[in-house]
Every structure is written in C-alpha cells, then in structure tokens.
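What follows is a short report on a single structure.
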Amino acid sequence: MGIVTSVEELRALYGGVGEASITKVTQVLTPPYRRMIEASPFMALATVGPEGLDCSPRGDLGGVVRVEDERTLLLPDWRGNNRVDSLENIVRDPRVAMMFLVPGSNTTMRLNGRAVISIEPGLLESFAMDGKHPRCVVVITIDEVYFQCARAVMRAELWNAERFADPASLPSPGVMLKAAKGDFDQETYDREWPARAAKTLW
C-alpha cells in the first residue's frame with residue numbers, strides 16, 4: 001500500500017489550485033454567503049478537545065444559526081442527549097468548523113472560526129420556541145467562510161428522492177443500542193422513541 005507521507009508529495013499528486021478555490025475564501029459573510037447560511041436548516045459542527053475530535057449534527061426550524069453580523073453567528077443549543085461533547089470541547093478549545101447544507105441545493109457552505117458559550121438570559125429568551133429556550137447559545141466568530149463545489153452532493157445524489165433509503169431496511173436506534181449492550185430493551189425503546197422525540201424537540 002502506497003502511503004503519502006509529506007505535504008510536498010500530496011501537492012505533487014494533486015497539482016495546482018484553481019483561482020476560484022482561493023478567491024472564494026472570505027473573512028466575513030458576503031451578502032450571497034449570508035443568504036446561503038440563513039437558508040440552511042442543518043449543519044455539522046466539528047470541535048476539538050484533549051480527547052480528540054467530535055462532529056455533531058445541528059438542525060433547527062427555519063435556519064440552524066442566526067446571523068448576528070458579518071462576522072458573528074449564533075447557534076442555540078436545543079435539547080439532545082446531554083452528552084455535551086461539542087460544548088465541553090468549546091470550553092477547552094474554541095476552534096470550530098461547520099458545514100451547512102441547504103435542502104435542494106448542491107452547494108454547501110464551509111466555515112472555520114472560534115466559539116464561546118453564552119448563557120446571557122436575554123439572548124436565551126430571544127430564541128424561545130413553544131415557551132422554551134435553549135440552555136445556552138454558541139457564539140461563533142468567523143475566521144474564514146467559503147462555498148464548497150457541488151461535486152460531492154451531485155455524486156451522492158443527496159436530494160434525489162428516488163435514491164432515499166427505506167427506513168425499514170436500516171437498523172433502528174433500538175437495534176443499534178442492543179448491539180452495543182446485549183440486554184438492552186430495543187422493542188420498548190423503538191416503540192416509545194417517536195412520541196418522546198416529538199415532545200422534546202425544544
């Protein structure tokens with residue numbers, strides 16, 4: 001197996017970078033970049049901590065983040081499983097990376113920056129939904145932002161409904177939990193999960 005062991009070898013393998021790949025990187029949200037990010041209801045949040053890396057899905061009704069200004073995004077932290085892996089990492093290392101998806105668009109947005117966790121009451125209340133508010137808001141300062149070319153999403157045919165997986169053909173959460181812990185009650189978990197999730201989105 002041939003292994004690439006240096007940046008020089010990697011650069012030689014791939015050749016030069018096109019002008020657009022460099023030009024598209026900005027340190028602030030341009031108006032078009034803002035439109036793309038505000039249209040995104042889902043993104044993946046990558047963080048780093050002493051134990052290693054973490055990447056978690058984030059989604060929200062409307063837009064997944066609120067654009068505060070050309071260099072600042074606000075991400076409400078809604079209910080989840082309370083593992084707080086991403087938040088623990090941010091407290092110890094502020095570096096974050098994000099990839100935003102817009103359903104129906106093959107163009108994705110990528111962003112690198114630094115984050116802090118705010119529990120300022122007025123900020124939390126500003127995100128109120130169904131009488132509830134997030135426990136904290138992740139405040140992201142943008143270092144660089146750019147769009148990703150559409151090839152990956154096009155290859156995956158991500159938005160082609162004819163290629164969507166049949167959920168019945170995939171292992172359920174209960175099945176996956178039982179595989180991790182043999183005596184887990186998968187039937188009860190799978191039966192109760194949909195109603196529990198519907199009541200605890202916010």
(Q) Please tell me whether Thr72 and Asp69 have a donor and an acceptor in their side chains that are separated by less than 3.5 angstrom. (A)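 Result is yes, a qualifying pair exists.
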
Q) Cut-off 3.5 Å, side chains only: do Asp166 and Ser169 have a donor facing an acceptor? A)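 Ser169 and Asp166 do not have a side-chain donor-acceptor pair below 3.5 Å.
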
(Q) Which residues pass the side chain to side chain donor-acceptor pair (under 3.5 Å) test with Ser172, not counting sequence neighbours? (A)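 Expected list: Asp190.
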
Could you work out, with salt bridge (Lys or Arg N to Asp or Glu O under 4.0 Å) as the rule, every residue matching [X], not counting sequence neighbours?
X      : result
Arg11  : none
Lys181 : Asp183
Glu187 : none

Q | Test log, rule side chain to side chain contact (heavy atoms under 4.5 Å, CB included), inputs Asp143 and Gln27 | A | CA-CA 5 Å; Asp143 287 334; Gln27 283 68 55; over 6 Å; no

Q | Minimal non-hydrogen separation, Leu87 against Ile117, with atom names | A |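 Taking Leu87 first and Ile117 second, the nearest heavy atoms are O-CD1, 3.5 Å.
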
Q: Taking all heavy atoms of Lys24 and all of Tyr146, pick out the closest pair and write down the distance.
A: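 For Lys24 versus Tyr146, the nearest heavy atoms are O-CB, 3.5 Å.
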
Distance from [X] atom [atom1] to [Y] atom [atom2], nearest 0.5 Å?
X      : Y      : atom1 : atom2 : value
Arg110 : Phe100 : CZ    : CZ    : 12.5 Å
Asp60  : Leu75  : CG    : CG    : 8.5 Å
Glu38  : Tyr33  : CD    : OH    : 15.5 Å

Q: Could you tell me whether the side chain of Ser21 and the main chain of Val17 form a donor-acceptor pair under 3.5 Å?
A: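 Judged by distance alone, no pair lies under 3.5 Å.
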
Q) Has the side chain of Asp130 got a donor or acceptor atom that lies under 3.5 Å from a matching backbone atom of Lys132? A)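 It does not hold such a pair.
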
Q.
Run the ring-ring contact (aromatic ring centres under 6.0 Å, His included) test against Phe184 and tell me which residues pass, sequence neighbours left out.
A.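 With neighbours one apart ignored, the set is Tyr189.
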
Q. Using 4.0 Å as the upper bound for N to carboxylate O, is an ion pair formed by Asp77 and Arg135?
A.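 Here Arg135 does not pair with Asp77 in a salt bridge, since their nearest N and O are not under 4.0 Å apart.
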
**Q.** Electrostatic pair Arg83:Asp85 at N-O distance under 4.0 angstrom
**A.**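 Salt bridge present between Arg83 and Asp85.
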
(Q) Run the side-chain contact (heavy atoms from CB on, under 4.5 Å) test against Pro103 and tell me which residues pass, sequence neighbours left out. (A)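 With neighbours one apart ignored, the set is Pro41, Trp159.
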
Q.
Could you walk me through whether His133 and Trp202 satisfy the side chain to side chain contact (heavy atoms under 4.5 Å, CB included) test, starting with their C-alpha distance in whole Å, then the side-chain angles of each, then the deciding distance to 0.1 Å, before giving a yes or no?
A. CA-CA 7 Å; His133 58 71; Trp202 317 110; over 6 Å; no

